[in-house]
Undergrad: 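Got a structure for you, questions after.
Keep in mind it's a predicted model, so treat the numbers as computed, not measured.
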Amino acid sequence: MNPPPEGMVRSPDTAGMPQWVAIGEQAAYARRAQAVNWIDATADRARASDRSVGRYLDAEYQLVAQALADYRAHPDAEVPESIQSYATAEGLTVEDAAQQIAEAAARVQERLQDVRRIRLAGKAAIRDASDDADFMETARPFVDQLEALATTADA
């Protein structure tokens with residue numbers, strides 16, 4: 001294999017094929033990808049910001065939300081264990097526990113919708129920017145919005 005031309009480095013083009021680009025210069029698609037990755041990583045932090053630490057906590061929340069939906073659909077059925085255990089642990093009636101679970105689930109859904117709206121708008125702004133744009137600056141207002149969501153959840 002031949003050495004690279006002076007001042008050049010191999011970098012993939014938009015189709016993933018290798019090409020020579022000037023050192024220090026990145027192809028627009030690579031800079032776009034960096035900005036999109038920044039938005040996605042910040043969106044992940046914003047999604048998780050209102051959750052306790054726990055490897056399977058999201059799955060647990062989904063399980064409880066499904067149990068609540070089943071309980072609301074069939075109120076004469078036996079109270080699901082996930083609702084009863086929360087009521088017992090918090091010293092609540094089953095109905096108060098169900099209400100708190102429903103309110104928490106609604107907040108989570110609202111946060112997820114907000115994160116998705118901001119994330120997709122940021123990606124569209126990066127996609128629509130000209131190739132010579134500073135994509136990180138294009139991403140910044142969307143990252144700032146996502147970080148603000150995370151901050152309000154932490155407060």
Undergrad: What pairs of donor and acceptor atoms, side-chain ones from residues 116-126 against any protein atom, are under 3.5 angstrom apart with sequence neighbours left out?
TA:
{"residue": "Lys123", "atom": "NZ", "partner": "Asp40", "partner atom": "OD1", "Å": "3.3"}
{"residue": "Lys123", "atom": "NZ", "partner": "Asp40", "partner atom": "OD2", "Å": "3.4"}

Undergrad: Closest heavy-atom contact between Ala139 and Trp38?
TA: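 In terms of heavy atoms, the two residues are closest at CB-CE3, 3.9 Å.
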Undergrad: Indicate whether the side chain of Thr88 and that of Gln84 have a donor and an acceptor atom separated by less than 3.5 Å.
TA: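 Judged by distance alone, the side chains do pair up.
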Undergrad: Dump the intermediate steps for side-chain contact (heavy atoms from CB on, under 4.5 Å) on Thr42 and Phe142, then the final yes or no.
TA: CA-CA 9 Å; Thr42 307; Phe142 302 98; over 6 Å; no
Undergrad: Hey, what do you get for CD1 (Ile101) to CD (Glu90), rounding to the nearest 0.5 Å?
TA: 9.5 Å
Undergrad: Is a side-chain donor-acceptor pair under 3.5 Å present for Glu103 with Gln99?
TA: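 The criterion, which ignores hydrogens and geometry beyond distance, is satisfied for Glu103 and Gln99.
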Undergrad: Run the numbers on Gln66 and Asp70 for side-chain hydrogen bond (donor to acceptor under 3.5 Å, both in side chains), then give the verdict.
TA: CA-CA 6 Å; Gln66 183 58 53; Asp70 293 345; 2.8 Å; yes
Undergrad: Would you say the side chain of Glu147 lies within less than 4.5 Å of the side chain of Val143, judging by non-hydrogen atoms?
TA: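 Yes, side chains in contact.
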Undergrad: In plain terms, say whether Arg31 and Glu137 are close enough for a salt bridge, that is, a side-chain N and a carboxylate O under 4.0 Å apart.
TA: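 No, this pair does not count.
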Undergrad: Give a yes or no on whether a salt bridge exists between Glu110 and Arg107, defined as a side-chain N under 4.0 angstrom from a carboxylate O.
TA: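 No, Glu110 and Arg107 are not salt-bridged.
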Undergrad: Within a strict 4.5 Å, meaning less than it, do heavy atoms of the Val64 and Tyr86 side chains meet?
TA: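 Side-chain contact under 4.5 Å: no.
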Undergrad: For a quick test of reading the model, state the closest non-hydrogen atom pair linking Val115 to Ala43 and the distance between them.
TA: CG1-CB, 3.7 Å
Undergrad: Using the rule salt bridge (charged side-chain N to carboxylate O under 4.0 Å, His left out), only one of Asp131, Asp134, Asp132 pairs with Arg32; which is it?
TA: Asp131
Undergrad: For salt bridge (charged side-chain N to carboxylate O under 4.0 Å, His left out), just list the numbers for Arg111 and Asp114, CA-CA rounded to whole Å, side-chain angles, deciding distance to a tenth of an Å, and then say yes or no.
TA: CA-CA 5 Å; Arg111 172 170 301 278; Asp114 289 345; over 6 Å; no
Undergrad: Answer whether the closest heavy-atom distance between the side chains of Gln109 and Leu112 falls below 4.5 Å.
TA: yes
Undergrad: Indicate yes or no for a side-chain donor-acceptor contact from Asp96 to the backbone of Leu92 under 3.5 Å, with no hydrogens or angles considered.
TA: no
Undergrad: Looking at every heavy atom in both Ile39 and Leu146, which two are closest together, and how far apart are they?
TA: O-CD1, 3.7 Å
Undergrad: What closest approach, in Å, do Arg45 and Ala150 show between heavy atoms, and which atom pair accounts for it?
TA: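 Heavy atoms of Arg45 and Ala150 come nearest at O-CB, 4.5 Å.
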